[in-house]
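Have a look at the structure below, then the notes.
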Number of protein chains: 2
Amino acid sequence: MLRLILIFNIVCIFFVASLTISKPGPQYPPTKGEVWPKPQQQIKEQTYFKLSPSVFKFTEKGKSCEILTNAIERYTAVLRSTHHIVWRHSKKTLKHAETRILDTNPDYKGTLEELQINLSRPCEAYPHMDMDEKYSLNVSAVSSLTSDSIWGILRGMETFAQLFYLSNGYKDVLINSTQIVDFPRYPYRGLLIDTSRHYLSVANILKTLDAMEMNKMNVLHWHIVDDQSFPYQSEKFPQLSEQGAYDPSMVYTKANINKIVKYARDRGIRVLPEFDVPGHTRSWGIAYPGILTQCYEYGKVVGLGPMDPTQNMTYKLIGDLFREVQDLFPDKYFHLGGDEVALNCWRSNPDILNFMARNNMTRTSELHAYFMTKVLRLLGQKSKPIVWQEVFYNGVALPSDAIIQVWKTIGPQDMIAALKANHKVIYSASWYLDYLSNGWHKLYKVDPRQMIPKRYKELDLNKILGGEACMWGEVVDDRNLISRVWPRSSAVAEKLWSAESPRYNNSITKELNCRMEEHTCRMNRRGVHAQPPNGPGFCVGAI
Amino acid sequence: MLRLILIFNIVCIFFVASLTISKPGPQYPPTKGEVWPKPQQQIKEQTYFKLSPSVFKFTEKGKSCEILTNAIERYTAVLRSTHHIVWRHSKKTLKHAETRILDTNPDYKGTLEELQINLSRPCEAYPHMDMDEKYSLNVSAVSSLTSDSIWGILRGMETFAQLFYLSNGYKDVLINSTQIVDFPRYPYRGLLIDTSRHYLSVANILKTLDAMEMNKMNVLHWHIVDDQSFPYQSEKFPQLSEQGAYDPSMVYTKANINKIVKYARDRGIRVLPEFDVPGHTRSWGIAYPGILTQCYEYGKVVGLGPMDPTQNMTYKLIGDLFREVQDLFPDKYFHLGGDEVALNCWRSNPDILNFMARNNMTRTSELHAYFMTKVLRLLGQKSKPIVWQEVFYNGVALPSDAIIQVWKTIGPQDMIAALKANHKVIYSASWYLDYLSNGWHKLYKVDPRQMIPKRYKELDLNKILGGEACMWGEVVDDRNLISRVWPRSSAVAEKLWSAESPRYNNSITKELNCRMEEHTCRMNRRGVHAQPPNGPGFCVGAI
């Protein structure tokens, strides 16, 4: 064993030198009990405890609610399944195993007894934009987790579960004495899924929420319908999905959505619905062609384009549908889309040109603004709007609490423009997961607030609320969703949660790679089929 | 419905014009009952039959054997599961469904009765390099499949299964009257898997063989061990995997390998083992450090490099191990590797330099040749060698039946060099699946024989035996293997099987995209989780 360690060290040093010598084993050995995303403040001591599922218990010392009791049940299962791994390996001798004789080791402090959960304020019904996710965690024989908010408790329980690691040939589950104070750097940490280009099963969306919880992400941005299909099953307008879904089996019913929203709430995750208008609406027009614009070429109709902003029935349908959606999704925000409108189709249509002339509009961007303004009003008091950046650029008079989602420019200029106009911003331009060249290292080097040059002293960087990893669905379906999203989104999750890296030093360290390796294996063990993040390696106990 | 079709056509034409109008529905609607890879000669008629599982049967009219009876059982299950899809959808009304009233349609010719299988020669025990895969298929009320070889029968049964398609709201399974004469363009159509960088489960390797059968690929090149881990469990040298595997659970036992070889044989697939020497052997050295070269820097040993070609024990171990492997793998070829040898490690070692001086060698490439020559002899009469191209370039006196695998240069020059030296060639340089930028369209544009400029009239292009899609395992494990390999490898499979496309016209047509869409859905339905190949879409009846 000594010999091996020596060779290993030599090989490590040697990599800096000129010869290329391959080494056996994983490229980045996983860390043991490191948390992802990295906590804001953490002290880890040498002393450690052992987990015994027959001894350990979660105890509620403060307020409680269904969200908390569900979480206790969930994390009890996680800790038990960790032990299942141990059981599966306990009869084997393992070369990678270190050996620690617990009883004679002065650092060993006995069996972990309990985690006391101190929630000081009543649970909120649903997570929201200003949710408090701060917690403090103290791991000791009798451990304690404290937060003012149920959302902080959820984050702390995930951290607690991640602190455990396998030892002694996977025979023991250990945890070190640790003190953590933790809170997110950005309040909005999202993942976009697209269920129009390919349908995603409810089971896979729930699995995605499991993974988001493991990464402390808190917004599922559900781009539910688009040009290609309309899987949202409306009670008011059943024809929309009957004719617009790919297949009758490929819809989301009211019961499906309720289930997803509740499942997300239990994990402290908001579900943000997007009904993108007036572009990206071709599937609406299969049942209701009258709400779409007829596009002309050489005096003839050649197809259907964006919604027709001159028709009252367009707004009637949108308004009625949105009220139904607002009742289904409890989030206070509603994503209206507003991107990539084919303005040239509007420009080709004589009726639209007449309408513009009657209303003193000269540019179609004014018509876009006209449309968005009317649709914004349809939201009423119940929801605040989020829009893709084109809506802002086309001069819509947005309410002050509207949020602009920046997706077009990798650089900071679009964020700067929105901040100057005093708007809040969500950034996603660098985090498009459909670009396969966006490996996790590349995603990890991005930090939206850091992108703003220091000379813009007048800008309030806190108005950059966070960002989103966007998994557009052109070539993604149930078969590759999870392995394509994870662990790449974990990079985004850590950048949005953890303390700021020093500017100009977003280097990828060995520590980071090894921690990512552990986190990926942890997701694998908990049933999330994340793909290998780095080079050669393996996960023990993964299914 | 008419309206919809009109709009659809208009939209199609419209794409050529200047406006961008999105259309609803899949980007490339799947074809119906088109075969992948495309048969060499096919006549499809308008008339069609219906499949009724209670009526239809396979009947053996010629020779038979276990391979054939297994295939009949397998394809019976495939046809039954197709009906299961129908059953699942039969109570729904489907918008995408066309309606054909069978009984009143003059093209409808009744229920398909049987497929008579006429195998004219006895079965061979295992597939091999010169296997005959030609078959002819005639689909009629009483259909017939004829071949001289069991391998041709297997290919024909796959084709037969692919000719069925769903109709009438997925309520009927139909097949058109068809005549096919089919045979492969290249005899070697391989897929490389790498079980050293990440371990792959036996179940996933079997699933890969299922997918290969669906694509008429005939060689599984199993790069079983490498620097990182040694999962092959040797009876003669159990220490190799006990110490060299990632984990005791991550090995391939004799029983595992027998199972894989038999499963492959039943599908007409050869299993080609690769034990790469003298480089890529770091994992061998955990148990047997003495067979590896000590690399020096500034007079000190800094690590272990390639195998030590000066030690008798190196050849003793290789010889004994290879004899064991030859007994396990029935294929007549054995892949010796020979790539990427760290010659500078050899150059740094004083004992090696002394050995070279004693043997009148001045360059380490001569030592590489010396080593490979000795190892080639160890194969004896039982196996013919396949080697990576470096072995050829380093001047090893290769036997005339040795095959050179070209992987370094995308262009034709390495193939030309090997052909000029009268060697047979396998091409894989353009087909590395670990490069994510290698989408299937890009892979599809490659044809090894077409790459050789016409002026090289003297070269025998038939010596280019075929090629391989290579799935190196650095960031691939059980979680993403299937969706990363399929359907990209299907592109390679068709290029190696089907008739040559006209030179300079390897364009990707709509027909091709739509056929690939059907083939991907077919793989999905048969349990192979291939990812979406093109843009938006969906698969009916996929699990």
Side-chain angles (χ1 to χ4, degrees), chain A residues 4 7 10-11 14 17 19-26 92-96 196-199 227-229 242-244 246-248 250 280 282-283 285-286 295 297 302-305 342 344-345 348 436-437 473-477 479-480 483 524 529-538 540, chain B residues 4 7 10-11 14 17-26 92-96 196-199 227-229 242-244 246-248 250 280 282-283 285-286 295 297 302-305 342 344-345 348 436 473-477 479-480 483 524 529-538 540:
Chain A
L4 266 180
I7 290 174
I10 288 166
V11 170
F14 199 66
L19 284 183
T20 5
I21 299 181
S22 312
K23 59 181 178 178
K92 294 174 179 171
T93 315
L94 297 165
K95 79 182 168 70
H96 289 278
S196 174
R197 273 63 176 251
H198 283 92
Y199 180 80
D227 285 326
Q228 285 77 14
S229 74
E242 275 170 27
Q243 299 203 35
Y246 279 141
D247 187 271
M250 296 178 181
H280 291 280
R282 196 53 197 80
S283 65
I286 304 177
C295 316
E297 199 151 87
V302 287
L304 293 174
N344 52 356
C345 172
S348 77
L436 292 178
S437 59
E474 275 81 357
V475 287
V476 173
D477 67 6
R479 282 146 204 92
N480 58 349
S483 68
N524 285 178
H529 288 185
Q531 70 181 12
N534 297 307
F538 68 102
V540 169
Chain B
L4 264 179
I7 290 174
I10 288 164
V11 169
F14 200 66
S18 59
L19 283 181
T20 5
I21 300 181
S22 311
K23 58 180 178 179
K92 295 176 180 169
T93 316
L94 297 166
K95 79 179 167 70
H96 290 276
S196 174
R197 275 61 178 251
H198 283 90
Y199 180 80
D227 285 326
Q228 285 77 14
S229 73
E242 276 170 26
Q243 300 203 35
Y246 279 141
D247 187 270
M250 295 178 182
H280 291 280
R282 195 56 194 80
S283 66
I286 304 177
C295 315
E297 199 152 84
V302 288
L304 293 174
N344 52 357
C345 172
S348 77
L436 293 177
E474 276 80 357
V475 287
V476 173
D477 67 6
R479 283 147 203 91
N480 58 350
S483 67
N524 285 178
H529 288 185
Q531 69 182 14
N534 298 306
F538 68 102
V540 169

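Reminder, nothing fancy here: chain letters follow the sequence lines and each chain counts from 1.
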**Message:** To check you understand the geometry: which heavy-atom pair defines the closest contact between Pro536(A) and Tyr246(B), and what is its length?
**Reply:** CB-OH, 3.6 Å

**Item:** Polar side-chain atom of His198(B) near backbone of Gly537(A) as donor-acceptor pair, under 3.5 Å
**Value:** yes

**Item:** Gln531(A) and Val475(B), any side-chain heavy atoms less than 4.5 Å apart
**Value:** no

**Request:** Sort out for me which of Asn534(B), Asp227(B), Asp477(B), Val476(B) touches chain A most, counting heavy-atom pairs under 4.5 Å.
**Result:** Asp227(B)

**Message:** Strictly distance-based, threshold 3.5 Å: is any side-chain N or O of Tyr199(A) a donor or acceptor partner for the main-chain N or O of Phe538(B)?
**Reply:** no

**Prompt:** Between His529(A) and Arg479(B), what is the shortest heavy-atom contact and its length?
**Reply:** CB-CG, 3.6 Å

**Message:** Is there a side-chain contact between Gln228(B) and Pro24(A) in this structure, where contact means two heavy atoms from C-beta onward sitting under 4.5 Å apart?
**Reply:** no

**Request:** For His280(B), check side chain to side chain donor-acceptor pair (under 3.5 Å) against everything at least two apart and list the hits.
**Result:** Asp226(B), Asp339(B), Glu340(B)

